[in-house]
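Comments concern the structure below.
Remember, it's 1-based here, ligands and their atoms both numbered in the order they're listed. For this chain, numbers begin at 1 and follow the sequence in order. All values below come from the heavy atoms of this structure, side chains included, with hydrogens, waters and symmetry mates left out.
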Amino acid sequence: MSEAVKMIADAGPEGQFVAGGTDLYPNMKRRQQTPRTVVSVMRLPELNQISGDERSGIRIGASVTLTDICEHPLINHHYPVVAKAARTISTPILRNMGTIGGNLLLDTRCNYYDQNYEWRKGINFCLKKDGDICWVAPGSSKCWAVQSSDLVPVMVAIGAHLRFASTSGERIVDAEDLYNDDGIAYLHKRPDELLVDIHLPPTNGWRASYRKLRRRGAFDFPVLGVAAFIKASHDGTIEQARIVLGGISPSPIHVQEAGRELIGNKLDEQHMQIAAEAAYIKARPLDNTDFVYNWRKQMARQYTLRALQDLASIP
Ligand SMILES: Cc1cc2nc3c(=O)[nH]c(=O)nc-3n(C[C@H](O)[C@H](O)[C@H](O)COP(=O)(O)OP(=O)(O)OC[C@H]3O[C@@H](n4cnc5c(N)ncnc54)[C@H](O)[C@@H]3O)c2cc1C
Ligand code: SF4
């Protein structure tokens, strides 16, 4: 691991880590990302382990593949929301290559950016790469490309922590604090920092669920993802609640208002409806992914409701 960190430091700004390459290599073919040096992290032993248990929480190495996550007994039994969200990512073949680390650091997506070089040249490029205008919001100085990972909203909702290493040492980051609401600088992370592992918290009575909106159920990126998390007391009163929306803005949206409406109450139909309305109000998708954006906003209400109903059905 220390060797990989040193290699990327030596490569400077033109170096980039690669894991499964299912995001980075297509981006390189389209000349969206153009590193001169790539350092593979697939065979680093420290990044390929799953350890711990549900009482102390588990650590998942950043290079663990999505298939291994889907199939791991401990994750399936104690963190079913993580296995379920991973199972919705792309296709079985891509899940054999794609890793949890690559998924959490996925590039943001936009209809005007995820195109080949000639297509992008045809519109004179855009702010995110090689151009000076945003075609989605031409008056904007900011890029609105969308955070499109299925595991990101789940990790934020359950309160996971991420460990990074570089030649300057290690640091631990709350998943919620990693993402920046800007489609270009979408991570609070330096390029030379290696994601080592992800710590899932102990399962001390919390429940979580994930719902994903996409056109084709077999393989498509989320154009809306809703992760719901609650922890309730013995009598069913909610003590902690988090609703997190993915797939509609450059960073995941933690709908604090929805959590506030749920805390102190039971998970009944009335409070689920109120929380879903809060998610609808907060969701402001733009016209840069699949489906009409107004409809995706409507779906934020419906999918939040469904995610909460899933929680209500977990014993
Ligand atoms: C057709 C298709 C469909 C897809 N559908 C979905 C989908 O439905 N949902 C979804 O979430 N994703 C989807 N993806 C995206 C991708 O396959 C997955 O997100 C996958 O998990 C990415 O992991 P990877 O290991 O291949 O990442 P890579 O391509 O190797 O890396 C992605 C990014 O992470 C960085 N990186 C990787 N590992 C580290 C590390 N340890 N430390 C620091 N930086 C690192 C790389 O530098 C790069 O910037 C799809 C991709 C394709 C091609
Ligand atoms: S949101 Fe705008 S700047 Fe960002 S990728 Fe799309 S068109 Fe380009």
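- Annotation: cation-pi pair Lys129/Tyr113 absent, no NZ/CZ under 6.0 Å from the ring centroid and within 45° of its normal.
- Shown in contact with Glu193 at under 4.0 Å from a heavy atom are these atoms of ligand 1, numbered in order with element: 43 (C).
- Looking at Arg190 and Ser166, their side chains do bring a donor and an acceptor atom within 3.5 Å of each other.
- Remark: ligand 1 and Ala19 share an N or O pair separated by less than 3.5 Å (distance only, no angle test).
- Residue Ala145 places a heavy atom under 4.0 Å from ligand 2.
- Residue nearest to atom 22 (C) of ligand 1, selected from Leu47, Leu195, Thr22: Thr22 (by heavy-atom distance).
- Side-chain polar atoms of Asn96 and Thr67 form a donor-acceptor pair below 3.5 angstrom.
- Nearest-residue assignment for atom 32 (C) of ligand 1 (options Pro222, Pro26, Gly102, Gly61; heavy-atom criterion): Gly102.
- For atom 1 (S) of ligand 2, the closest non-hydrogen atom of the protein is Trp144 N, 3.1 Å.
- Side-chain contact check for Ser149 and Asn103: at least one donor-acceptor pair (N or O, by modelled atom type) lies under 3.5 Å.
- Where the criterion is an N or O separation shorter than 3.5 Å, residue side chain and backbone included, Tyr25 fails it with respect to ligand 1.
- Of all atoms in ligand 2, listed by their number and element, those nearer than 4.0 Å to a heavy atom of Trp135 are 2 (Fe), 7 (S).
- Salt-bridge check for Asp268 with Lys266: failed, with every basic side-chain N at 4.0 Å or more from each acidic carboxylate O.
- Not one N or O of Met97 is nearer than 3.5 Å to an N or O of ligand 1, by distance alone.
- At a threshold of 2.8 Å, atom 2 (Fe) of ligand 2 has no backbone or side-chain N, O or S atom of Cys143 nearer than that distance.
- Looking at Leu44, Ile93, Leu105, Asp192 and measuring to atom 36 (N) of ligand 1, the nearest heavy atom belongs to Leu105.
- Among the atoms of Cys110, an N, O or S atom falls under 2.8 Å from atom 6 (Fe) of ligand 2.
- The residue from Leu162, Thr99, Asp114, Ile89 that puts a heavy atom closest to atom 10 (C) of ligand 1 is Ile89.
- Transitive grouping of hydrophobic side chains (ILVMFWY, heavy atoms separated by less than 4.5 Å) brings Leu311 and Leu224 into a common cluster.
- Gln273 and Glu277 share no side-chain donor-acceptor pair at under 3.5 Å.
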